[in-house]
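Please read these numbers as outputs of a predicted model, since none were measured by experiment.
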Amino acid sequence: MNARLQPTPPGEHGRRVFRAEHVGSFLRPKPLLEAREKFKAGEISAADLRAVENEAILQVVRFQEDLGLRSITDGEFRRRHFHTDFLVQLDGVEERGGLELKFKNASGEVSFAPPVLVVTDKVRHVRDIERRNFEFLRSITRGTPKVTIPSPTMLHFRGGRAGISETAYPDLEEFFADVAAAYQAEIASLAEAGCTYLQLDDTNLAYLCDERQREAARRRGQDPDELPRLYARLINAAIARRPPQMVVGIHLCRGNFKSSWAAEGGYEPVAEVLFNELEVDAYFLEYDDARSGDFAPLRHVPRGKQVVLGLISTKLGQLEDKAEVLRRLEEAGRYLPLEQASISPQCGFSSTEFGNDLQIDQQAAKLRLVVEIAREVWGEA
């Protein structure tokens with residue numbers, strides 16, 4: 001192995017995430033999808049559905065542990081979409097229809113109409129959202145249970161001012177304050193239950209790396225140059241009261257639906273703000289192909305922060321060449337000390353219940369490769 005990839009000790013601030021990581025969602029097993037359809041049709045109760053979810057989660061936890069992963073999620077098996085199932089449980093947030101978007105994949109384009117979220121009243125946290133789910137996950141794993149929730153920016157970017165009631169919020173600053181307070185309450189609930197690892201899933205900062213998305217923001221009356229700072233302030237406020245032992249990471253995603261994506265472009269437009277104004281511990285970054293740009297933006301990462309390099313694709317079934325992944329890790333090391341790096345797939349395998357176009361055995365092979373590379377490069381997973 002190249003000497004530059006020899007195992008390195010943690011930095012002076014300590015490493016905050018594992019060397020072999022993953023973003024969180026996994027392909028849904030057929031019995032779970034069937035149970036969801038029966039629930040929608042009124043053929044089974046919510047309790048019946050939860051029992052099926054529990055069994056599926058038990059299996060996916062064992063799957064992760066057997067592969068050698070140390071951060072463990074519930075696969076997002078209780079959700080239809082990575083964001084809406086969480087956000088509609090806040091008071092003042094409603095789901096209305098779908099907004100048709102054009103996603104790209106290796107074969108061309110695919111249409112997808114994700115649910116539209118609108119803010120119709122004051123945003124309030126009125127119930128624990130993920131606590132019960134976390135407590136179940138913690139009870140069945142030997143690893144570190146990781147909770148994944150959508151970034152608070154998801155309530156603003158896609159709809160802008162038009163998606164937020166002017167009656168409830170004539171002043172948007174009050175809206176941002178209420179969203180931050182709602183997240184603070186949810187994070188406090190999770191912390192009280194013993195959660196020490198939280199991941200925010202954010203498409204919007206990555207979308208702001210794509211000129212088409214930046215232009216769309218301008219048409220909504222948003223300034224794409226100011227939005228990263230606005231979002232950094234919002235996220236910082238949302239996590240401001242987390243306990244010292246809670247690690248917070250953020251995953252930047254360019255869209256993930258049936259192996260398709262919505263945005264392209266390197267991280268340069270947001271890098272300086274992302275790495276130096278956003279007060280998270282770790283960044284999960286897509287780096288699986290050319291649409292993510294080069295590694296040069298990593299020069300902005302300060303010491304004490306970790307970058308999880310998403311070098312393995314969840315969009316393609318073909319397994320990556322190990323030697324090429326090692327070469328790319330070495331390339332990233334020109335801009336970021338590898339003691340501050342980890343490796344993962346670039347996104348979840350199933351950000352929606354539909355899943356990406358690969359098989360469960362291919363999913364396992366990719367995660368096995370992540371663990372193998374982590375052990376070879378850093379001496380541990």
Side-chain angles (χ1 to χ4, degrees), residues 1-23 67-71 206 209 247 249-254 261 264-272 274-276 280-349 362-381:
M1 185 172 61
N2 189 300
R4 293 184 65 184
L5 295 186
Q6 292 295 327
T8 52
E12 61 182 10
H13 298 286
R15 181 166 51 80
R16 306 301 300 274
V17 298
F18 299 106
R19 297 299 191 186
E21 276 287 355
H22 59 103
V23 172
L67 287 169
L69 293 167
R70 296 168 65 190
S71 65
C209 299
V247 173
I250 187 166
H251 171 239
L252 270 63
C253 173
R254 294 171 175 80
W261 61 88
E264 302 175 2
Y267 296 100
E268 203 64 57
V270 301
E272 193 166 1
L274 177 70
F275 297 127
N276 291 285
V280 297
D281 302 300
Y283 304 87
F284 289 72
L285 302 182
E286 294 191 315
Y287 266 119
D288 56 320
D289 59 24
R291 70 194 172 86
S292 301
D294 61 24
F295 295 114
L298 299 180
R299 70 190 185 277
H300 293 288
V301 179
R303 284 190 63 81
K305 291 197 173 188
Q306 193 83 2
V307 176
V308 184
L309 298 167
L311 298 172
I312 308 297
S313 175
T314 66
K315 299 185 187 301
L316 303 173
Q318 180 179 356
L319 187 63
E320 283 76 6
D321 177 72
K322 179 180 172 182
E324 174 61 15
V325 177
L326 288 170
R327 186 198 67 76
R328 296 200 69 213
L329 262 176
E330 184 172 10
E331 183 183 348
R334 293 166 50 196
Y335 302 97
L336 176 78
L338 288 182
E339 68 183 36
Q340 291 179 246
S342 300
I343 184 172
S344 76
Q346 113 282 346
C347 195
F349 290 90
Q362 294 172 317
Q363 174 180 256
K366 285 174 177 278
L367 290 166
R368 197 173 294 115
L369 180 61
V370 166
V371 172
E372 181 181 335
I373 290 173
R375 287 174 174 163
E376 182 170 329
V377 174
W378 294 284
E380 61 175 336

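- For the atom pair Asp321 CG and Leu369 CG, the distance stands at 9.0 Å (nearest 0.5 Å).
- If you take CG on Leu309 and OG on Ser342, they are separated by 8.0 Å, rounding to the nearest 0.5 Å.
- Of the inter-residue distances, the one linking Lys366 atom NZ with Glu320 atom CD reads 3.5 Å to the nearest 0.5 angstrom.
- Atom CD in Glu21 sits 9.0 Å away from atom CD in Gln306 (nearest 0.5 Å).
- A search for side chain to side chain contact (heavy atoms under 4.5 Å, CB included) contacts involving Gln363 returns Phe26, Leu27, Phe63, Phe349, Ile360, Leu367, not counting sequence neighbours.
- Contact record, His22 with Phe284: O-CE2, 3.8 Å, taken as the closest heavy-atom pair.
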Please evaluate residues Glu324 and Arg327 with respect to the criterion salt bridge (charged side-chain N to carboxylate O under 4.0 Å, His left out), reporting the C-alpha separation (whole Å), side-chain torsions for both, the decisive distance (0.1 Å), and the verdict. CA-CA 5 Å; Glu324 174 61 15; Arg327 186 198 67 76; 2.8 Å; yes

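- Scored by the side chain to side chain contact (heavy atoms under 4.5 Å, CB included) test, Gln318 finds no partners at all (sequence neighbours excluded).
- Among residues two or more places apart in sequence or in another chain, the salt bridge (charged side-chain N to carboxylate O under 4.0 Å, His left out) test is passed with Glu272 by none.
- Listed by chain and number, the residues in a side-chain hydrogen bond (donor to acceptor under 3.5 Å, both in side chains) with Arg299 are Glu268 (sequence neighbours excluded).
- Side chains of Val325 and Ile343 form a contact here, defined as non-hydrogen atoms less than 4.5 Å apart.
- Asp281 meets the side-chain hydrogen bond (donor to acceptor under 3.5 Å, both in side chains) test with Arg16; sequence neighbours excluded.
- One distance of note links SG of Cys347 with CG of Leu285; it measures 12.0 Å at 0.5 Å rounding.
- Checked by atom type and distance alone, the side chain of Trp378 pairs as donor or acceptor with a backbone atom of Leu338 at under 3.5 Å.
- Residue Val17 comes nearest to Ala282 through the heavy atom pair CG1-CB, 3.6 Å, listed as atom of the first residue, atom of the second, then distance.
- Pairs engaging residues 297-333 under the ring-ring contact (aromatic ring centres under 6.0 Å, His included) rule: none recorded [sequence neighbours left out].
- Partner of Leu311 under the side-chain contact (heavy atoms from CB on, under 4.5 Å) criterion, out of Leu329, Asp288, Ile373: Leu329 alone.
- Under the ring-ring contact (aromatic ring centres under 6.0 Å, His included) criterion, Tyr287 pairs with Tyr267, Phe295, not counting sequence neighbours.
- Taking each heavy atom of Leu298 and Ala332 in turn, the nearest pair found is CD1-CB, 4.3 Å.
- The shortest distance between side-chain heavy atoms of Pro345 and Val23 does not fall below 4.5 Å.
- In this structure, Cys209 and Pro269 approach most closely via the heavy-atom pair CA-CG, 4.1 Å.
- Taken to the nearest 0.5 Å, the CD atom of Glu286 stands 9.0 Å off from the OG atom of Ser313.
- Every residue was checked against the side-chain hydrogen bond (donor to acceptor under 3.5 Å, both in side chains) condition with Gln362, not counting sequence neighbours, and none meets it.
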Assess the residue pair Arg19 and Glu376 against the criterion (salt bridge (charged side-chain N to carboxylate O under 4.0 Å, His left out)); give the C-alpha distance rounded to whole Å, side-chain angles, the decisive distance to 0.1 Å, and a yes or no. CA-CA 11 Å; Arg19 297 299 191 186; Glu376 182 170 329; over 6 Å; no

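- Taking both residues in full, the closest heavy atoms of Ala206 and Cys253 are given as CB-O, 3.4 Å, listed atom of the first, atom of the second, then distance.
- Looking at every heavy atom in both residues, Val301 comes nearest to Gln340 through CG1-NE2, 3.9 Å.
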